[in-house]
Amino acid sequence: ISPDKAPALSEEHNDSLDLVSMLYDNLIKDVKPGSNAAALLSKLQVPMMRVALSDRGCFTRPEHPARQMINTIAETGVNWLGDDEPDAQLVSQVHSLVDRAVHDFHGDSKVFQTMMQELISHLQTVARKDATPEEVIEQIDIGGPSMLRSAAKNFASVTTVVDPADYNSVLELLIAG
């Protein structure tokens, strides 16, 4: 770069930054200014620009980790981190994940994939905490047969007792050896 000429981005890089700008314009439509979601999206702007400049695939592949992450953060912000009593622990965890992305992204989009997995885990935990008794029972109904199959596969070291009426007789057998 000569001292007489100011540095300039290539046309391709300018297009990439324009696409990030359009993406943010679209995402921010549903987000309240000053909200947790707005703060999170704002923090992710620079990493998203860096992704766009280094990997144009983020615009053409919906499954791109950075694209999935930004969409999930926007959706999480609108649906889970709203103004009506957001879960303080979830807010803290999501901010921590975004801070890590800002700090840890050095060109490898797998950082976003790892963050997505952690975010999904946090959201599932919150969803379970907010579940109605009927939803919990439904999950138990789904999980019960799986547990029985798992126990059957480990028959050498596991005994399956499905009827509470059998608990005492099985316990007596175990005590007797």
Side-chain angles (χ1 to χ4, degrees), residues 1-131 135-136 139 142-143 146-147 150 153:
I1 300 176
S2 76
D4 301 337
K5 194 174 182 181
L9 292 172
S10 69
E11 187 174 330
E12 182 179 333
H13 285 148
N14 273 326
D15 290 345
S16 294
L17 293 180
D18 285 344
L19 286 171
V20 170
S21 177
M22 288 188 294
L23 171 68
Y24 266 80
D25 287 344
N26 190 43
L27 289 173
I28 209 76
K29 282 182 204 174
D30 298 326
V31 176
K32 182 178 177 183
S35 66
N36 282 307
L40 292 165
L41 290 171
S42 178
K43 286 180 182 182
L44 283 171
Q45 266 186 309
V46 172
M48 283 304 298
M49 288 180 183
R50 291 176 60 207
V51 168
L53 292 173
S54 65
D55 183 359
R56 296 218 14 137
C58 70
F59 298 115
T60 58
R61 293 187 357 250
E63 73 279 358
H64 190 281
R67 186 169 165 184
Q68 286 183 340
M69 184 66 192
I70 195 76
N71 289 337
T72 303
I73 290 292
E75 184 178 321
T76 299
V78 170
N79 296 327
W80 293 82
L81 306 178
D83 292 331
D84 53 328
E85 300 181 38
D87 183 306
Q89 185 177 4
L90 179 63
V91 171
S92 174
Q93 290 168 334
V94 175
H95 275 281
S96 176
L97 286 171
V98 168
D99 289 342
R100 276 193 16 231
V102 170
H103 182 265
D104 294 351
F105 177 71
H106 299 289
D108 185 1
S109 293
K110 288 183 182 174
V111 167
F112 295 102
Q113 189 172 4
T114 301
M115 288 179 48
M116 276 295 298
Q117 292 167 345
E118 289 182 40
L119 178 58
I120 288 168
S121 174
H122 293 315
L123 292 174
Q124 287 172 339
T125 299
V126 170
R128 282 191 297 270
K129 285 195 304 190
D130 290 340
E135 291 168 332
V136 171
Q139 290 304 310
I142 291 169
S146 298
M147 290 172 43
S150 177
K153 289 179 183 178

Could you give me the CA-CA distance, side-chain angles and deciding distance for Ile70 and Phe112, then say whether side-chain contact (heavy atoms from CB on, under 4.5 Å) is met? CA-CA 9 Å; Ile70 195 76; Phe112 295 102; over 6 Å; no
Test side-chain contact (heavy atoms from CB on, under 4.5 Å) on Met115 and Asp104 and set out the steps. CA-CA 11 Å; Met115 288 179 48; Asp104 294 351; over 6 Å; no
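The 12-atom threshold is exceeded at NE2 of His106, counting heavy atoms of other residues, nucleotides or ligands nearer than 6.0 Å. Heavy-atom contacts from other residues, nucleotides or ligands closer than 6.0 Å to CD of Glu11 number 12 or fewer.
Formation of a donor-acceptor pair under 3.5 Å by the Asn71 side chain with backbone atoms of Arg67 is found in this model.
We find the OG1-CE distance between Thr72 and Met116 to be 3.0 Å, quoted to the nearest 0.5 Å. Summarising the geometry, atom CD belonging to Gln113 is positioned 8.0 Å from atom CD belonging to Gln68; distances are rounded to the nearest 0.5 Å. Here the straight-line distance linking atom CG of Asn14 with atom CG of Leu53 works out to 9.0 Å at 0.5 Å rounding.
Residues Lys43 and His95 have side chains in contact (heavy-atom distance under 4.5 Å, counting atoms from C-beta outward). At least one side-chain heavy atom of Ser109 sits under 4.5 Å from a side-chain heavy atom of His64.
When all heavy atoms of Ala52 and Ser16 are compared, the closest pair comes out as O-OG, 3.5 Å. Looking at every heavy atom in both residues, Tyr24 comes nearest to Leu41 through OH-O, 2.8 Å. Pairing each heavy atom of Ala101 with each of Pro47, the nearest pair is O-CG, 4.5 Å.
Partners of Ser10 under the side chain to side chain contact (heavy atoms under 4.5 Å, CB included) rule, at least two apart in sequence or in another chain, are Glu12, His13. Scored by the side-chain hydrogen bond (donor to acceptor under 3.5 Å, both in side chains) test, Gln45 finds no partners at all (sequence neighbours excluded). For Arg50, there are no salt bridge (Lys or Arg N to Asp or Glu O under 4.0 Å) partners, not counting sequence neighbours.
Each of Leu119, Leu40, Ile73 was checked for a side chain to side chain contact (heavy atoms under 4.5 Å, CB included) with Leu97, and the lone residue meeting it is Leu119.
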